[in-house]
Amino acid sequence: MVRMRASGEQAEGVAISDAVAVERTLAGEREAYRVLVERHSQYVYRLAYRMTGNKEDAEEVVQEAFLRAYQKLQQFAGNANFGTWVYRIAANYAIDRLRQRKSEDSRREQPKRIAEGEPESDPLSEVKDAAPSPERLAGSAQLAAKMKQALDTLTPAERTAIVMRHWDGCGIEEIAAVLKSNTSAAKNTVFRAVQKLRAALQPFAEPRGAARAVGTES
Amino acid sequence: MKHASPDELFAYREGDAKGREAMAAHLKECGECREELARLEEVFAALDALPVPDAGEDYGARVWRQIAPRLPEPRASWWQTFFTTQRLALAGAMAALVVAAFYFGRVTKPVPSAGTEAASAGSVRERVLVVAVGEHLGKSEMVLVELSNATPAENGKKLINISAEQRRAESLVEENRLYRQTAMEGGDNAMASTLDELERVLMDVANSPAEVTPAQFESIQKRIAERGILLKVRVVRQELRTAETGRKSQPAQTDSTTRERNKI
């Protein structure tokens, strides 16, 4: 996995490994946990931001992940990587938050739909329908905004899967563990996420004429 | 020419080895599929273009400042945890029972020799532990049975709330660790091994999200079933009951039960 850094790599000062910091924390040395927090906060934040899509939620996920990790530190198997472990706790918490948010959103939206007698639509077609013309989406800022909007239409599991797979280079087994599914289902979830994103960007991301694929010759 | 399907193109892009050469050959020939692959690449390029706001150099220190006041007191080691108020009360009650049993024995039975007294004390300790472990296994079995017997797709629910089972599993994990350590120190490897497996399953439940989809729920059930932990827990409970019955009819028994279990 690309995101994991060597456990000796350090936030300022104290050059102790993750394993030693965990051991000292368990022995009651609270400051040792500070080393782990300072060392791993940045990339847990990146994961959290990509999963939640906003800074406030991301910061909450980071704090909650480290609090939970502290509470469960005795359950942490010493042979695993602390970074991987706290990353997984953060992913689990973020996916719970996303689900909670989705269900709150749908509760808010449902009465309106029923009142207006609108048929239930799938998120994918919503993205397609709401898509502005290619002219309007000319710049990269618009592309980013469009992608952000498309990411919001993914289910929590799909979003988690694409974030872990694409940005953090996680293996399918690790994604499956966070999604609590088997590897084949996790693979499908990544694929579904990509397909939805692709469909959402379709009007914008037209292929360039002479695109050349990997493994092909000119 | 038959074009590659989206999932075949995606698998190719993901680096899947299956049919890789054939796909590469097809892509050389087929412009449409190359364009499809290029569209796929556009998605990943667009993802890469999404910025993540810089949290700042001092972000780690800020997180620490925010969470430090909320951190619970450092957890004591297992033996310190054992002597919490509630457990001390329980231990006191057990000690009172042991003392009462001791005096009752003194007045109803002839005075035993010194060797027999030592054996009896060991036997009482083991009996107390057997009862406690038996209760713990009973509680764990109940959680696992509830999870195993539930029907996830009931009433068309999209999410299943397992927070109650999760909390129970969380508290059982801690107890389980104590008993496992005790079993290991006492040389009861078979018991330690079963408790070790039970701990993994309990942790699995404790670390699951509070709400799971029916598919995730089925996956938890599958993991419980695959490990055969329910059967193992039942077997050990039965052994403990048998051992307890045996002790009642044979008070000064030694640690033969442990040796028997280790043979399995």
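The structure presented is a predicted model; accordingly, all values stated were derived computationally and were not measured. Within every chain, numbering begins at 1; the chains are lettered A, B, ... in the order of the sequence lines, protein sequences first and strands thereafter.
Across all non-hydrogen atoms, the minimal contact from B:Pro72 to A:Arg30 is O-NH1, 3.5 Å.
Ranked by non-hydrogen atom pairs under 4.5 Å with chain A, the options B:Leu50, B:Leu40, B:Leu47, B:Asp7 are led by B:Leu47.
The closest side-chain donor-acceptor pair between B:Thr194 and B:Glu197, if any, does not fall under 3.5 angstrom.
In this structure, the portion of B:Val173 lying under 4.5 Å from any heavy atom of chain A is its side chain and not its backbone. For B:Asp16, the part sitting under 4.5 Å from any heavy atom of chain A is the side chain, from C-beta outward, and nothing else. For a residue to count as touching a neighbouring chain, one of its non-hydrogen atoms must lie under 4.5 Å from one of that chain's; by this rule A:Gln100 does not touch chain B. Neither the backbone nor the side chain of A:Ile89 comes within contact range of chain B; no heavy atoms are under 4.5 Å apart. Looking at B:Asp58, neither its backbone nor its side chain comes within 4.5 Å of chain A, counting heavy atoms on both sides. At a 4.5 Å heavy-atom cutoff, the contact between A:Arg34 and chain B is made by backbone and side-chain atoms alike. If you measure heavy-atom distances from A:Arg68 to chain B, you find no contacts under 4.5 Å at all.
In this structure, A:Arg198 fails the cation-pi test against B:Phe10, since its NZ or CZ atom is not both closer than 6.0 Å to the six-membered ring centre and inside 45 degrees of the ring normal.
Residues satisfying the side chain to side chain contact (heavy atoms under 4.5 Å, CB included) criterion with A:Arg192, sequence neighbours excluded, are A:Glu158, A:Asn188, A:Thr189. Evaluation of the salt bridge (Lys or Arg N to Asp or Glu O under 4.0 Å) rule for B:Lys139 yields B:Glu175 as partners, not counting sequence neighbours.
A salt bridge links A:Arg101 to A:Asp57: at least one charged side-chain nitrogen sits closer than 4.0 Å to a carboxylate oxygen.
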